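The structure under discussion appears below in the form of structure tokens.
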Amino acid sequence: MIRYILLIIVFSLSTASCGDMSFGKIEGKWQLKTVERNGATVKVDTVWYNFQSQSLFMLQVYQTQDDRYDWSTGFRTEKDNILTIEGMDQNITSISDWQDTARVFTIERLTRQHLTLKSSEGYLYDFIKF
């Protein structure tokens with residue numbers, strides 16, 4: 001009987017850890033896999049969004065033609081499912097599709113291995129945990 005109860009507890013804990021994470025658990029490195037724009041999906045594998053501590057952000061872009069990385073840093077804030085990234089240097093507009101040094105996203109999906117952001121311009125960014 002005790003073995004049966006322990007088995008139920010272990011099973012419950014293991015299945016609970018496989019579920020969706022709550023919003024705000026975005027820390028870590030995320031590799032951009034696709035961007036959906038105006039109904040068209042573009043595959044991407046050279047862009048990473050890095051979320052560190054409670055407020056730091058870094059965008060990394062691998063430049064295949066030069067075999068080098070470009071990057072830009074800034075700060076982020078989260079409230080409910082809204083992610084605001086700001087304070088980026090001007091380099092951001094030359095290495096990404098960002099039009100300004102700040103951007104607002106809605107967190108559409110956030111699990112342990114998957115992140116989907118919707119930009120204020122309506123683009124969907126789909127990431128996997130790196």
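Being a predicted model, the structure only gives us computed values, none of them experimental.
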Approximate separation, where rounding is to 0.5 Å, of [X] [atom1] and [Y] [atom2]:
X    : Y    : atom1 : atom2 : result
N38  : Y123 : CG    : OH    : 5.5 Å
M58  : I85  : CE    : CD1   : 12.5 Å
D100 : M88  : CG    : CE    : 11.0 Å

Are [X] and [Y] within salt-bridge range, i.e. N to O under 4.0 Å?
X   : Y    : value
E36 : K118 : no
R37 : D97  : yes
K25 : E27  : no

Within-4.5 Å side-chain heavy-atom neighbours: Y69 and V61: no

Decide yes or no for R76 and I26: does some side-chain heavy atom of the first lie under 4.5 Å from some side-chain heavy atom of the second? yes

What residues form a salt bridge (charged side-chain N to carboxylate O under 4.0 Å, His left out) with E86, not counting sequence neighbours?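 In terms of salt bridge (charged side-chain N to carboxylate O under 4.0 Å, His left out), with neighbours along the sequence ignored, E86 is linked to no residue.
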
Identified ring pair (Phe, Tyr, Trp, His ring centres under 6.0 Å) counterpart of F127 within the set Y49, W30, W48: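 Answer to the ring pair (Phe, Tyr, Trp, His ring centres under 6.0 Å) test with F127 among Y49, W30, W48: Y49.
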
Can you confirm whether the side chains of K129 and Q31 place a donor and an acceptor under 3.5 Å from each other? no

Would you please indicate yes or no on a ring centroid separation below 6.0 angstrom for F75 and F57? no

Salt bridge (Lys or Arg N to Asp or Glu O under 4.0 Å): which pairs involve residues 51-73, sequence neighbours left out?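 Every pair satisfying salt bridge (Lys or Arg N to Asp or Glu O under 4.0 Å) with a residue in residues 51-73: D66-R68, R68-D70.
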
